[in-house]
Amino acid sequence: MCLAVPMEIMSIEDNVAHVEVGGVKNQVRLDIIDEPPQVGDFVIVHAGFALRRIDREEGLETLKLFQEGLGLELIK
């Protein structure tokens, strides 16, 4: 099963975004994203790549569903 996760962009260097969700930090490539994101945007992340930019409200709502369904603390 594959799962893409919304993550918040904390910084961008060259074509790599530093992202975070629930205290987990990672770096993702921006090579295949549909539109250039900015710091503070949420992106859908899968296998080390940002697939799509989503607005902040949609990102937080999706994380809330993950929290409720999986019992994880992803947002406060």
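Owing to the predicted nature of the structure, the values given are computational and were not obtained by experimental measurement.
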Please determine whether side chain to side chain contact (heavy atoms under 4.5 Å, CB included) holds for the pair Val16 and Leu30, giving the CA-CA distance in whole Å, both sets of side-chain angles, and the decisive distance to 0.1 Å. CA-CA 6 Å; Val16 175; Leu30 300 173; over 6 Å; no
Apply salt bridge (charged side-chain N to carboxylate O under 4.0 Å, His left out) to the pair Arg53 and Glu58, showing each step before the final yes or no. CA-CA 10 Å; Arg53 188 180 71 77; Glu58 181 181 0; over 6 Å; no
Do Ile9 and Phe42 pass the side chain to side chain contact (heavy atoms under 4.5 Å, CB included) test, and can you show the C-alpha distance, the side-chain angles, and the key distance before you say yes or no? CA-CA 6 Å; Ile9 294 180; Phe42 276 71; over 6 Å; no
Hydrophobic clustering (ILVMFWY, side-chain heavy atoms < 4.5 Å, transitive) - are Ile44 and Ile32 grouped together? yes
Minimum heavy-atom distance between Met7 and Asn26, given as atom pair plus value: CE-CB, 4.3 Å
CD (Gln67) and CG (Leu60) are apart, to the nearest 0.5 Å, by 10.0 Å
Under a 4.0 Å threshold between the charged nitrogen and the carboxylate oxygen, would Arg56 count as salt-bridged to Glu8? yes
Correct closest heavy-atom pair for Phe66 and Ala4 would be CZ-O, 3.9 Å
Test side chain to side chain contact (heavy atoms under 4.5 Å, CB included) on Leu51 and Val45 and set out the steps. CA-CA 6 Å; Leu51 303 177; Val45 173; over 6 Å; no
List the atom of Ile12, the atom of Pro37, and the distance in Å for their closest heavy-atom pair. CD1-O, 3.5 Å
In Å, rounded to the nearest 0.5 Å, how long is the span from CG of Asp41 to CD of Glu35? 8.0 Å
I'd like to check Ile54 versus Arg52 (side-chain heavy atoms, cut-off strictly below 4.5 Å). Are they in contact? yes
Between Leu63 and Val21, is a side chain to side chain contact (heavy atoms under 4.5 Å, CB included) present by the stated rule, with each step listed? CA-CA 9 Å; Leu63 291 174; Val21 65; 3.6 Å; yes
Validation row: Val19, Val43 side chains within 4.5 angstrom (heavy atoms): yes
Taking everything shown except Glu68 itself, do over 12 heavy atoms lie less than 6.0 Å from its CD? yes
Do His18 and Lys25 come within less than 4.5 Å of each other through their side chains, counting heavy atoms only? no
Quick one: do Leu70 and Val5 end up in the same hydrophobic cluster if we chain Ile, Leu, Val, Met, Phe, Trp and Tyr together by side-chain heavy atoms under 4.5 Å apart? yes
Does CD in Glu57 sit with more than 12 non-hydrogen atoms of other residues, nucleotides or ligands closer than 6.0 Å? no
Taking only residues two or more places apart in sequence, or in another chain, which ones meet Asp14 in a side-chain contact (heavy atoms from CB on, under 4.5 Å)? none
